[in-house]
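Reviewing the structure listed below.
Keep in mind that what you see is a predicted model, and the values were worked out from it rather than measured. Positions are given from 1, in the same order as the sequence printed here. Computation of the quantities below employed the complete heavy-atom set of this structure, encompassing side-chain atoms and omitting hydrogens, waters and symmetry-equivalent molecules.
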Amino acid sequence: MSTKSLNPFDDADRLHQVILNSAGDYSTWPEPHPVPTGWITVLPATTRDAALAYVDRSASDTTVQPHARSSPLMKGGNGSGRHIPDRGSGCNRGPLPTSRALCGPVTARTDHLALVHQLFELHANRGPAGIAVVADRQQLSYGELNRAANQLARLLLHHGVRPETRVALAIPRSVELLIAVLAVMKAGGAYVPVDLDHPVKRIADQLIDSEPALVLSRSDLDPRLCGLGSSGSNLFVDDRSVADAVAAMSAHDLIDTERNAPLRPSHAVYLIYTSGSTGRPKAVVLEHHSVVNYLTRCVAAYPGLASSSLWHSPLAFDATVTTLLGTLSAGGTLHIRDLVPIDGPVSAPDSDRPTRVDFIKVTPSHLSLLADLPIGHWPARELMTGGEPLHADALPAQFHAARVRLINHYGPTELTVGCADFTVAPDGHLPSGPVPIGRPMSNLTMHVLDGTLSHVAPGQEGELYVAGPQVARGYWRRPGLTASRFVANPFSTGTRMYRTGDMVVVDQRGNLIYKRRADDQVKIRGIRVEPAEVEAALLKCAGVKAAAVTIADTKRSVDSVLCAYVVVYPGTDASSIRDFLTAQLPTYMIPSTIELLSTLPISTNGKLDRAILRRRERGPIAVANEHVLPQTAEAKMCAIFEDLLGVSNVSADDNFFDLGGQSLLAMRLVARLRSAFNLHVTLRQVLGNPTPKGIASLVL
């Protein structure tokens with residue numbers, strides 16, 4: 001790399017940017033003059049001295065990573081077709097020069113790999129014999145998986161699927177679901193994942209809202225979910241007639257003439273629902289080019305994906321995209337199984353132990369689950385955390401023993417899964433306290449701004465805004481909400497930024513540190529929860545006058561806890577409220593504590609005083625049950641309750657959640673039941689039978 005002075009406006013009073021050409025030459029260039037042909041911006045506007053310092057350092061330091069704000073490469077190239085590589089220096093090496101924005105490495109778009117499924121097809125055609133997926137005793141090669149997806153895609157075309165058509169996937173995590181995801185993309189549609197652990201009413205509301213042309217499901221689907229969507233059509237993948245129809249289809253890759261319309265990078269690839277502050281969930285629409293940009297970075301930055309990974313989370317949780325599509329884009333093997341063992345104790349014979357994989361992605365809340373497992377259940381190479389803040393102190397002893405590379409991954413659904421990361425080598429030092437969320441990923445620009453959309457000074461707290469190709473299209477049929485969160489980018493004409501609502505600071509090494517939310521949004525097990533949505537559900541419950549929901553930290557784990565404070569009419573109790581919520585909300589949105597109050601605290605300005613609620617002393621709700629002497633199975637259940645909850649004298653009739661249980665502890669309870677009793681239970685079964693006696697009845 002070298003410097004090349006072509007700046008005709010060497011004015012110290014102007015703001016200057018740094019530009020780069022295909023030969024690797026750097027130069028300063030003043031704003032607002034257009035960048036010369038053949039050059040791209042690698043450092044946004046800053047002072048002349050800072051720009052010159054960056055140029056000098058870049059010319060002499062081969063580890064410096066080029067950065068971009070608004071680059072022609074993001075729109076298909078720099079005129080030369082030359083790819084500007086990620087030199088592998090990593091986002092976290094050395095301090096950034098003083099500037100007003102953080103910018104990710106620049107990579108060129110590859111036109112023949114502009115659609116998500118094309119990244120998979122590349123490996124299916126180059127190495128069809130490679131193993132793509134393993135589930136229980138079933139496995140498919142890349143060639144077999146590709147042919148199966150092509151055949152199902154052609155059947156979807158016969159059912160009217162085309163670009164921008166939505167297809168709901170109500171299939172349990174399985175090879176069938178993986179085939180369906182690929183088939184919908186190949187047909188040109190956008191998949192809408194359905195979490196079958198959610199209440200039927202919530203699923204039905206999402207199907208009515210998204211209006212899928214087709215619902216792919218199994219024949220055991222709840223009858224109340226059949227016939228929903230724009231056409232009312234259900235296609236049961238386990239039906240013999242459907243299987244015969246699929247088998248009759250051609251197995252070669254699809255082309256646009258079969259789709260009746262060209263499939264473009266700007267077409268939708270999936271819709272994922274997140275919690276909504278208005279009281280109902282909202283769907284984020286992601287496009288092919290956004291997901292391709294993300295997956296391309298994942299393949300380059302996380303080599304474990306090219307070997308093997310674990311798919312353990314619901315498809316409706318967008319963090320799954322990293323593992324599922326990232327692995328298939330890298331040519332690795334995807335293993336489908338639970339994070340915790342489900343077939344007997346973790347100390348099973350070697351022949352029955354699951355294959356150790358190289359890459360696992362979890363939320364920080366899952367770390368306590370991994371802490372309960374032998375080292376063989378940890379990844380062999382890379383552990384990625386994401387979805388909620390990570391504290392170094394939360395990493396269990398097994399993490400240090402496993403000697404894996406740690407990746408702290410940050411990004412909301414609206415920015416295509418992840419937009420920043422911070423890595424720690426297996427032998428790297430990780431100081432106590434919050435782990436940084438790092439620096440921007442490829443082709444992304446981050447701005448830390450104050451309330452006037454001005455950049456804050458280094459070290460000062462500001463709200464994070466992100467621009468670049470991973471910014472989602474917006475919210476499905478919510479134009480007002482879209483306009484409020486996806487805003488015009490004042491730093492690059494004609495582009496948009498996403499307003500994250502996350503308050504951050506930039507440390508001395510140029511890494512972002514997450515501080516807090518600018519609103520009331522919280523994360524439970526890495527999944528976004530708007531307390532307003534829980535409050536809206538509470539207010540629909542007969543007997544509830546008023547309700548407020550807050551977040552509280554628990555000393556038992558890194559998981560956050562929802563607490564509901566409710567004013568009720570006579571005759572309404574916490575148990576009946578919990579039963580109502582169970583039929584309305586996913587398990588992670590049901591408050592751990594429901595406390596009945598005579599009135600909600602009001603501040604001097606007449607608004608709800610949430611600070612007072614958060615300061616209340618929390619404890620288990622008093623239960624009226626006398627201590628019932630447990631029977632044999634119940635005694636074991638009581639002992640498990642006591643161990644997980646840190647309480648004593650648990651009765652066979654005591655409620656897990658009334659004793660202080662919450663979402664993560666419920667997951668650990670499920671894992672413990674599987675280990676102790678080889679009992680296959682779900683979180684929803686625990687919610688429906690939350691006492692030692694109730695769970696014991698599932699054993700008998």
*Given side chain to side chain contact (heavy atoms under 4.5 Å, CB included), test Leu613 with Leu608 step by step and report yes or no.*
CA-CA 9 Å; Leu613 293 177; Leu608 175 68; 4.3 Å; yes
*Taking the six-membered ring for Trp, are Phe491 and His455 ring centroids under 6.0 Å apart?*
yes
*His409 and Tyr514: aromatic ring centres closer than 6.0 Å?*
no
Quick one: does any side-chain atom of [X] pair with a main-chain N or O of [Y] as donor and acceptor, under 3.5 Å?
X	Y	result
Asn443	Thr107	yes
His288	Val116	yes
Ser492	Asn489	no
Asp318	Val321	no
Arg280	Ser275	no
Arg173	Trp311	yes
Glu535	Val549	yes
Gln470	Gly418	yes
Arg439	Gly510	yes
Arg528	Gly387	no

May I ask you to test the [X]-[Y] pair for a side-chain heavy-atom distance under 4.5 Å?
X	Y	answer
Leu367	Leu390	yes
Val566	Leu600	no
Val284	Leu271	no
Leu102	Thr445	no
Asp609	Ile602	no
Lys201	Gln206	no
Leu464	Met446	yes
Pro212	Leu207	yes

Using a strict cut-off of less than 4.0 Å between a Lys/Arg side-chain nitrogen and an Asp/Glu carboxylate oxygen, indicate whether [X] and [Y] qualify as a salt bridge.
X	Y	result
Arg485	Glu414	no
Asp209	Arg477	no
Lys540	Glu533	no

*asked:* Checking Arg516 now: which residues fulfil salt bridge (Lys or Arg N to Asp or Glu O under 4.0 Å) with it, not counting sequence neighbours?
replied: Glu461
_Out of the candidates Thr363, Thr320, Thr322, only one should pair with Ser313 under the side-chain hydrogen bond (donor to acceptor under 3.5 Å, both in side chains) rule; please name it._
Thr320
_Option passing side-chain hydrogen bond (donor to acceptor under 3.5 Å, both in side chains) with Glu463 (candidates Arg517, His447, Arg499)_ = Arg499
Quick one: pull up [atom1] in [X] and [atom2] in [Y] and give me the separation to the nearest 0.5 Å.
X	Y	atom1	atom2	result
Leu324	Leu310	CG	CG	11.5 Å
Phe422	Thr385	CZ	OG1	11.0 Å
Asn511	Asp421	CG	CG	10.0 Å
Leu305	Leu325	CG	CG	11.0 Å
Leu295	Ser329	CG	OG	4.5 Å
Phe359	Cys298	CZ	SG	7.0 Å

*Would you check, one step at a time, whether the test side-chain hydrogen bond (donor to acceptor under 3.5 Å, both in side chains) holds for Asp502 with Tyr410?*
CA-CA 11 Å; Asp502 290 331; Tyr410 164 83; 2.5 Å; yes
*Can Asp507 and Val505 be said to form a side chain to side chain contact (heavy atoms under 4.5 Å, CB included), step by step?*
CA-CA 6 Å; Asp507 69 12; Val505 298; 5.9 Å; no
_Val506 vs Ile513, side chain to side chain contact (heavy atoms under 4.5 Å, CB included): CA-CA, chis, key distance, verdict_ = CA-CA 6 Å; Val506 181; Ile513 307 292; over 6 Å; no
_Under the rule for side chain to side chain contact (heavy atoms under 4.5 Å, CB included), what residues qualify as partners of Arg405, not counting sequence neighbours?_
Tyr302, Pro303, Glu382, Ile407, Thr423, Pro426
Kindly give the heavy-atom pair with the smallest separation between [X] and [Y], and that separation in Å.
X	Y	result
Arg166	Glu164	NH1-O, 3.1 Å
Pro591	Ile594	CB-CG1, 4.3 Å
Thr413	Leu286	O-CD2, 3.8 Å
Val435	Asn408	O-ND2, 3.4 Å
Val466	Cys419	CG2-SG, 4.4 Å
Pro379	Leu383	CG-CB, 3.9 Å

*With Tyr191, which residues qualify under ring-ring contact (aromatic ring centres under 6.0 Å, His included), at least two apart?*
Tyr270
*Indicate whether the side chain of Tyr565 and that of Thr593 have a donor and an acceptor atom separated by less than 3.5 Å.*
no
_For Ser309 and Thr323, which I'm curious about, is there any donor-acceptor pair between the side chains at under 3.5 Å?_
no
*Could you give me the CA-CA distance, side-chain angles and deciding distance for Asn293 and Ser442, then say whether side-chain hydrogen bond (donor to acceptor under 3.5 Å, both in side chains) is met?*
CA-CA 7 Å; Asn293 189 83; Ser442 300; 5.8 Å; no
*Report the C-alpha separation of Tyr273 and Lys282 in whole Å, then their side-chain angles, then the decisive distance to 0.1 Å, and conclude whether the side chain to side chain contact (heavy atoms under 4.5 Å, CB included) test is met.*
CA-CA 5 Å; Tyr273 279 87; Lys282 57 184 181 293; 5.7 Å; no
